[in-house]
Amino acid sequence: MDKRGTDMMDELLRQCSHGIVELTKLKDLTISNPRNAFQIERIDNKGDTMPPVGMASQQPEMSTLVHPQEMQRKALQSFEDLCAVSHPIQQFLEEIHPNRKDKQEPFKPWPVQSYVYPFLKERQHVLVRSPTGSGKTIAFLAPILDAILVEGRDRVKKPRALIIADTKDLLVQHYQNALKINEFLDAGNQNITIGCHIGGVHLARLPRYEYLKSFQSDILFMSPGKMMEALQKKMLDLSHLMYIVFDEADEMFHCGKFLIELREFQKALQECRETVPTFAPTFSMFSATLVFKSPEVERGLEVFFGVEWPQIVEKIGYVVVQFPTLIQQNVIQVDDFPQKLLVLEQLLDRDLYRMGRSREDTDKASKTYSNTTLVFCDTRKQVYNLAAWLTQKGFYLKIHTGRMPEDIKRKNMRMITDRRLPLLISSNVMARGLDKPSINHVIMFELPTQNWSTYSHRVGRTGRCGEEGNCTVLLNKNGGKELQQAPQLLRTLMVYRQKIPKWLFERFGHVALQGIDHYIAPQSQKLAENLVMQMNDPQANFNESLISSDTSLVFSSTDETQHSQSAHPYFGEQQEMEAAEIIRRQEVYVESHRSMHPNPGEQRAMVDVEVGRRLAALAGSRPTLCDGLDSDDDDAPDRYEDDESSND
Ligand SMILES: Nc1ncnc2c1ncn2[C@@H]1O[C@H](COP(=O)(O)OP(=O)(O)OP(=O)(O)O)[C@@H](O)[C@H]1O
């Protein structure tokens with residue numbers, strides 16, 4: 001297949017796998033930009049060849065879709081060539097990656113950083129799609145810091161850059177990264193100030209003066225909800241804004257509530273424009289799954305730019321970067337929900353073989369290096385259900401959902417960073433942006449059912465910073481809602497050049513390849529066939545062994561209904577809050593008794609048993625529900641975070 005064909009196929013499959021492009025419209029799409037402004041450049045030391053068939057892309061492979069002005073620009077050799085804040089960025093990277101392989105070598109800018117910098121430096125609007133873990137945070141922070149330094153920060157005490165994302169954890173992570181870079185800058189007395197406003201965090205406890213002062217920060221990280229609140233209370237002055245960054249923009253644009261907020265934001269910007277004629281902040285959007293031509297993105301941009309949109313659309317820049325990944329994705333087929341639980345238990349035992357299940361074991365093992373396994377469920381309720389079940393089985397774990405108290409979420413994040421947490425059960429709220437190199441295995445207990453792009457983001461929580469990672473999907477072959485995602489799963493495996501289980505291809509191949517443009521259809525078919533995993537493959541054998549006849553041993557003694565009662569305890573809204581409170585109190589209890597207890601490991605183990613007992617009791621107080629919890633209206637996938645709590 002020629003280079004153009006490969007790129008085109010990637011693009012089409014990517015768009016199909018995000019479920020955004022209607023298949024009938026595929027023919028209208030061409031790989032070159034619709035406005036003919038962009039071309040493809042492939043920087044690739046393997047010529048036109050595809051990655052080894054049936055394997056994760058092991059070789060570095062990058063291709064970029066860039067503005068013609070940037071065609072000559074290659075990935076730069078050093079941060080000094082790129083930006084003025086090179087030294088602080090270098091120091092920052094050295095501090096957060098102390099264990100990198102070649103310590104003598106300075107860090108080099110990654111492609112997205114090289115390509116995005118000129119756009120933002122020249123104050124040109126830009127939309128960026130670059131894979132998970134490819135360094136998008138520095139790609140927007142470096143030009144922003146440079147621009148603020150050039151402008152000089154002493155003249156105004158008003159935000160110059162607003163960075164908006166809808167996940168609190170992600171905002172806090174960005175904020176902490178920016179603070180760290182700024183510490184190194186501060187050593188040179190540059191005095192850039194950085195603020196963060198999200199619902200329900202410690203900022204609420206700041207004295208009012210400090211709180212107001214944080215709105216004067218040069219760089220402000222905010223959730224959309226907090227931004228609206230600040231605008232309504234007239235605390236946020238946008239008149240000196242130079243940059244507006246929407247991180248994980250596609251996720252926000254999917255949400256109707258965000259479009260309303262965007263309209264309000266646009267009005268506030270328009271007012272600034274009327275009073276300050278030179279006011280023209282640069283707009284950028286970043287995500288690993290940003291599909292430029294998608295209706296959501298186009299609608300969002302139209303709302304954001306209002307009447308100016310027709311002129312701006314001609315000038316906007318697009319950057320697409322592909323980046324090598326070492327994440328291996330496996331799909332395990334199970335017959336039913338009990339078998340899914342069994343396979344999960346076996347996978348976890350394999351992951352924890354060095355540590356054991358309990359907290360006591362973990363405490364003993366924590367002196368040695370440990371990784372974290374991240375299990376994704378699609379809904380908060382399923383997170384609690386699974387946590388209750390696994391806790392009863394003796395696993396030491398933490399849970400992470402959008403509604404959990406912020407202090408506990410922060411603590412979870414710290415524990416993962418410090419490699420003190422072996423297992424985290426999370427909803428989609430952990431799917432985007434979080435950068436924890438210790439996560440070496442992502443298990444999808446359930447596939448995302450609402451927005452398929454979540455799949456790629458979940459996968460991207462592992463394999464960070466050039467590390468290898470593993471992702472395992474547990475797919476119930478008789479399951480209802482999640483099985484509908486199987487064709488998209490197959491297409492995504494093709495995009496990532498992953499092994500495709502034979503059964504998946506036989507059952508869903510025709511649907512997955514249906515409607516693909518006739519130009520690439522034969523190649524797609526061939527690619528898919530090449531990726532199909534042969535049964536003598538060691539991975540296939542391993543997967544088979546996980547669902548061996550042991551299932552009957554475990555489940556035969558239990559009546560199916562009885563088992564399902566303990567396996568799927570059901571949490572209503574009220575119980576969910578109670579469960580969060582039980583866990584929170586136990587955390588507080590453990591913290592307050594930490595120094596007093598002679599044997600902390602034993603005490604913690606007791607507390608875990610207690611949490612499990614209480615969660616199970618809570619679950620038992622309601623009727624049971626079936627796999628997938630499809631029938632409950634309350635069960636919306638956990639993604640957009642409510643900003644219900646206020647800071648002031
Ligand atoms: N030039 C570089 N050299 C080495 N490491 C880097 C470089 N740039 C960024 N990193 C590191 O790579 C990791 C991933 O970066 P970052 O979180 O910005 O990725 P991302 O593209 O935003 O991913 P996601 O889409 O998942 O949010 C971070 O730990 C970051 O410190």
Problem - Counterpart residues, side chain to side chain contact (heavy atoms under 4.5 Å, CB included), relative to L344 (two or more places apart) - result: L348, V375, L386, L390, I443, F445, L474
Practice task
Assess whether side chain to side chain contact (heavy atoms under 4.5 Å, CB included) is satisfied between Y384 and W389, documenting all intermediate values.
Solution key: CA-CA 9 Å; Y384 285 104; W389 185 78; over 6 Å; no
Exercise for the section: First locate atom CE of M494, then atom CZ of R491, and finally report the distance between them rounded to the nearest 0.5 Å. Expected result: 9.0 Å
Problem - Flag, side chain of R461 to backbone of L434, donor-acceptor distance under 3.5 Å - result: yes
Problem - Check: Q173 side chain, D435 main-chain N or O, donor-acceptor pair, under 3.5 Å - result: yes
Exercise for the section: Could you tell me which non-hydrogen atom of L447 sits nearest to which non-hydrogen atom of V473, and how far apart they are? Expected result: CD2-CG1, 3.6 Å
Fill in the blank from the handout: d(K398 NZ, R420 CZ) to nearest 0.5 Å is 9.0 Å
Practice task
Take H457 and S287, measure what side chain to side chain contact (heavy atoms under 4.5 Å, CB included) needs, and give me the verdict at the end.
Solution key: CA-CA 9 Å; H457 291 275; S287 173; 3.7 Å; yes
Practice task
Would you check if the side chain of K136 reaches a backbone N or O of P131 as a donor-acceptor pair within less than 3.5 Å?
Solution key: yes
Exercise for the section: Any chance you could lay out the side chain to side chain contact (heavy atoms under 4.5 Å, CB included) test for W452 and T492, step after step, and finish with the verdict? Expected result: CA-CA 10 Å; W452 183 250; T492 309; 2.8 Å; yes
Problem - Side-chain donor-acceptor contact under 3.5 Å, T417 with K436 - result: yes
Exercise for the section: Taking all non-hydrogen atoms of both residues into account, name the closest pair between G509 and L490 and its distance. Expected result: N-CD1, 3.9 Å
Problem - Flag, side chain of E446 to backbone of D378, donor-acceptor distance under 3.5 Å - result: yes
Handout entry: Atom pair OG (S438) and CG (D418), whose distance is rounded to the nearest 0.5 Å
Key = 9.0 Å
Problem - Side-chain donor or acceptor of N478 paired with backbone N/O of D336 under 3.5 Å - result: no
Practice task
Provide the closest heavy-atom pair for G460 versus I327 in the form atom of the first, atom of the second, distance.
Solution key: CA-CD1, 4.3 Å
Exercise for the section: Output, in order, the C-alpha distance, side-chain angles, deciding distance and verdict of side chain to side chain contact (heavy atoms under 4.5 Å, CB included) for C471 and Q328. Expected result: CA-CA 6 Å; C471 171; Q328 189 164 5; over 6 Å; no
Practice task
State which residue, out of V383, L397, I439, I416, fulfils the side chain to side chain contact (heavy atoms under 4.5 Å, CB included) condition with L424.
Solution key: I416
Problem - pair M430-M413: side-chain heavy atoms closer than 4.5 Å - result: yes
Fill in the blank from the handout: Taking every heavy atom of D166 against every heavy atom of P224, the minimum-distance pair comes out as CA-CD, 3.9 Å
Handout entry: Polar side chain donor-acceptor pair, S130 to W110, under 3.5 angstrom
Key = no
Practice task
Establish, yes or no, whether a centroid distance under 6.0 Å links the rings of Y455 and Y496.
Solution key: no
Exercise for the section: Heavy atoms only: give me the nearest C377-I425 pair and the separation to one decimal. Expected result: SG-CG2, 4.2 Å
Problem - Cationic N near anionic O, under 4.0 Å, R432 to D250 - result: yes
Exercise for the section: Answer with yes or no whether the side chains of S453 and N451 bring together a donor and an acceptor at under 3.5 Å. Expected result: yes
Problem - Distance-only donor-acceptor check, side chains N385 and Q382, under 3.5 Å - result: yes
Problem - Q498 side chain to Q329 backbone, donor-acceptor under 3.5 Å - result: yes
Practice task
Find the distance between CE (M252) and CG (D247) and round it off to the nearest 0.5 Å.
Solution key: 7.0 Å
Handout entry: Contact check, side chains of Q333 and L504, non-hydrogen atoms, under 4.5 Å
Key = no
Handout entry: Donor-acceptor contact present, side-chain R129 to main-chain T289, <3.5 Å
Key = no
Fill in the blank from the handout: To the nearest 0.5 Å, atom CG of L347 lies from atom CD1 of I332 at 5.0 Å
Practice task
Measure from the side-chain N and O atoms of N412 to the backbone N and O of I399, and report whether any donor-acceptor pair falls under 3.5 Å.
Solution key: yes
Practice task
Taking all heavy atoms of S134 and all of V112, pick out the closest pair and write down the distance.
Solution key: O-CG1, 3.2 Å
Problem - Test item: V291 and V297 side chains (from C-beta on) under 4.5 Å apart, heavy atoms - result: no
Handout entry: Passing option when D351 is tested against N470, T373, T472 for side chain to side chain contact (heavy atoms under 4.5 Å, CB included)
Key = T373
Completion exercise
Residues at least two apart in sequence or cross-chain that pass ring pair (Phe, Tyr, Trp, His ring centres under 6.0 Å) with F286, listed by chain then number, are F140
Problem - D169 backbone acceptor or donor facing T167 side chain under 3.5 Å - result: no
Problem - From R380, Q450, E251, R458, residue fulfilling side chain to side chain donor-acceptor pair (under 3.5 Å) relative to N428 - result: R458
Problem - Donor-acceptor pair, side chain of T372 and main chain of L423, under 3.5 angstrom - result: no
Practice task
Verify whether one side chain among S427 and H400 offers a donor that lies under 3.5 Å from an acceptor in the other.
Solution key: no
Fill in the blank from the handout: Here the gap from H441 atom NE2 to L352 atom CG, rounded to the nearest 0.5 Å, amounts to 11.0 Å
